[in-house]
Amino acid sequence: MTLRYYHARLQNIYEQDFAGTTHSLPLGPGELKTDLRVFDPRNTGGTEAGKVDSLNAGVMITYRLGSHSFGLGYIAGGEPGVISDGAMSAAFANPKEHTTVVRYDYNFVAMGIPGLTGMIRYMRGSDIDLPQLGGANLKESSKDVEVAYVVQSGPAKNLAIRLRHAFYRNDLDSNATFRSDNETRINFDYTLKIWGPVLAR
């Protein structure tokens with residue numbers, strides 16, 4: 001189990017407390033992982049950015065069995081990072097929004113292809129309250145598919161290539177930032193080590 005706590009303050013704007021825990025538990029032939037996060041932002045000082053007062057909570061529960069991972073998640077209040085990390089078409093962070101997610105991951109190492117992974121995910125947000133962009137009880141959803149490969153050896157070792165596609169829909173007004181659309185992206189990710197290990201004298 002890992003416990004975390006942070007406190008942040010932006011003068012005359014807002015302050016926020018964050019508490020979170022991740023926990024892994026052997027369960028049957030697999031492992032159950034729980035990721036819980038709570039955010040509590042509120043006004044401070046001169047409230048120069050307007051009213052800030054919301055309590056956001058999210059949980060993601062994932063069961064891993066060999067190369068398979070099955071996940072269920074839920075958030076309330078608009079802090080989506082715990083379940084929608086990597087979402088392309090929308091942030092799922094609207095006022096009063098409640099979001100549920102179902103996710104499945106597969107690691108192809110079990111088929112003799114190390115470095116190749118796949119993911120499918122469905123997210124649905126409801127109870128969105130945006131009077132200026134369509135009213136109350138609005139909805140949005142996203143169906144995401146991703147295939148990724150990390151080069152295992154050679155000059156390009158650790159280079160990750162990701163093919164991602166999202167089917168995004170909502171019933172917000174046409175002036176909303178996020179509109180119903182299909183989107184495809186190809187990502188190239190590479191981490192370059194700048195500092196090596198410190199050698200003891």
Side-chain angles (χ1 to χ4, degrees), residues 1-10 14-42 52-110 114-127 140-150 152 158 160-162 164 166 185 187 189-195 197:
M1 174 181 285
T2 301
L3 301 175
R4 293 177 293 165
Y5 171 78
Y6 301 101
H7 176 80
R9 184 174 185 271
L10 184 59
Y14 83 108
E15 62 182 6
Q16 176 173 269
D17 291 293
F18 162 79
T21 179
T22 56
H23 180 251
S24 296
L25 175 70
L27 185 63
E31 180 184 61
L32 185 68
K33 180 181 178 181
T34 302
D35 187 344
L36 173 65
R37 307 181 193 183
V38 178
F39 297 81
D40 183 19
R42 56 199 174 277
V52 178
D53 182 14
S54 63
L55 178 65
N56 311 317
V59 62
M60 186 74 186
I61 300 174
T62 304
Y63 185 69
R64 186 176 65 186
L65 179 62
S67 291
H68 305 271
S69 295
F70 308 87
L72 294 172
Y74 178 80
I75 62 167
E79 179 50 59
V82 64
I83 67 171
S84 63
D85 183 36
M88 293 195 301
S89 299
F92 287 81
N94 295 294
K96 299 184 180 180
E97 184 168 12
H98 295 76
T99 304
T100 54
V101 61
V102 179
R103 175 171 175 157
Y104 170 73
D105 293 78
Y106 183 74
N107 190 331
F108 286 85
V109 68
L116 182 65
T117 58
M119 183 273 291
I120 56 175
R121 174 177 56 195
Y122 174 70
M123 291 184 291
R124 183 180 186 273
S126 60
D127 302 321
E140 64 179 343
S141 66
S142 183
K143 304 177 184 73
D144 303 330
V145 180
E146 178 177 313
V147 177
Y149 179 71
V150 179
Q152 301 294 292
N158 296 327
I161 305 168
R162 293 189 292 159
R164 311 166 67 197
R185 296 185 189 180
N187 288 53
D189 306 318
Y190 184 73
T191 300
L192 179 63
K193 280 191 174 182
I194 299 177
W195 292 280

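Heavy-atom basis, side chains included; hydrogens, waters and symmetry copies ignored.
Using a distance-only test at 3.5 Å, with no hydrogens or angles considered, a donor-acceptor pair links the side chain of Ser67 to the main chain of Asn107.
Not counting sequence neighbours, the partners of Thr2 by the side chain to side chain contact (heavy atoms under 4.5 Å, CB included) test are Arg4, Thr22. With sequence neighbours left out, the ring-ring contact (aromatic ring centres under 6.0 Å, His included) criterion links Phe18 to Tyr6, Phe39. Take Tyr190 and apply the side chain to side chain donor-acceptor pair (under 3.5 Å) test, not counting sequence neighbours, and it matches no residue. Arg185 meets the side chain to side chain donor-acceptor pair (under 3.5 Å) test with Glu183; sequence neighbours excluded. With sequence neighbours excluded, the residues that form a side chain to side chain donor-acceptor pair (under 3.5 Å) with Tyr5 are Asp17. Under the side chain to side chain donor-acceptor pair (under 3.5 Å) criterion, Glu31 pairs with Arg64, not counting sequence neighbours.
Atom CD in Glu140 sits 4.5 Å away from atom CZ in Phe92 (nearest 0.5 Å). Atom-to-atom distance recorded for Asp105:CG and Arg121:CZ is 9.0 Å, nearest 0.5 angstrom. Note that CD of Gln16 is 14.0 Å distant from CZ of Arg9, once rounded to the nearest 0.5 Å. To the nearest 0.5 angstrom, Leu72 atom CG is 9.5 Å from Thr100 atom OG1. Between Arg103 atom CZ and Met123 atom CE the span is 9.5 Å, to the nearest 0.5 Å.
Scanning all heavy atoms of the two residues, the minimum distance from Tyr149 to Pro114 falls at CE1-O, 3.5 Å. Scanning all heavy atoms of the two residues, the minimum distance from Ala76 to His98 falls at CB-CD2, 3.5 Å. Considering every non-hydrogen atom in both Tyr14 and Pro41, the closest pair reads CD1-CB, 4.0 Å. Across every non-hydrogen atom of Gly125 and Thr99, the tightest pair is CA-OG1, 4.0 Å. The two residues Tyr63 and Leu27 have their closest heavy-atom pair at OH-O, 2.7 Å. Heavy atoms only, all atoms of each residue included: Arg162 and Ala148 are closest at CG-CB, 3.5 Å.
A salt bridge does not link Lys33 to Asp35: none of the charged side-chain nitrogens sits closer than 4.0 Å to a carboxylate oxygen.
The aromatic rings of Phe108 and Tyr106 stand perpendicular to each other, their planes meeting at an angle above 60°, with 30° marking the opposite boundary.
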Working for side-chain contact (heavy atoms from CB on, under 4.5 Å), residues Met1 and Thr21 | CA-CA 7 Å; Met1 174 181 285; Thr21 179; 3.7 Å; yes
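The closest side-chain heavy-atom distance from Asn56 to Ile75 is not below 4.5 Å.
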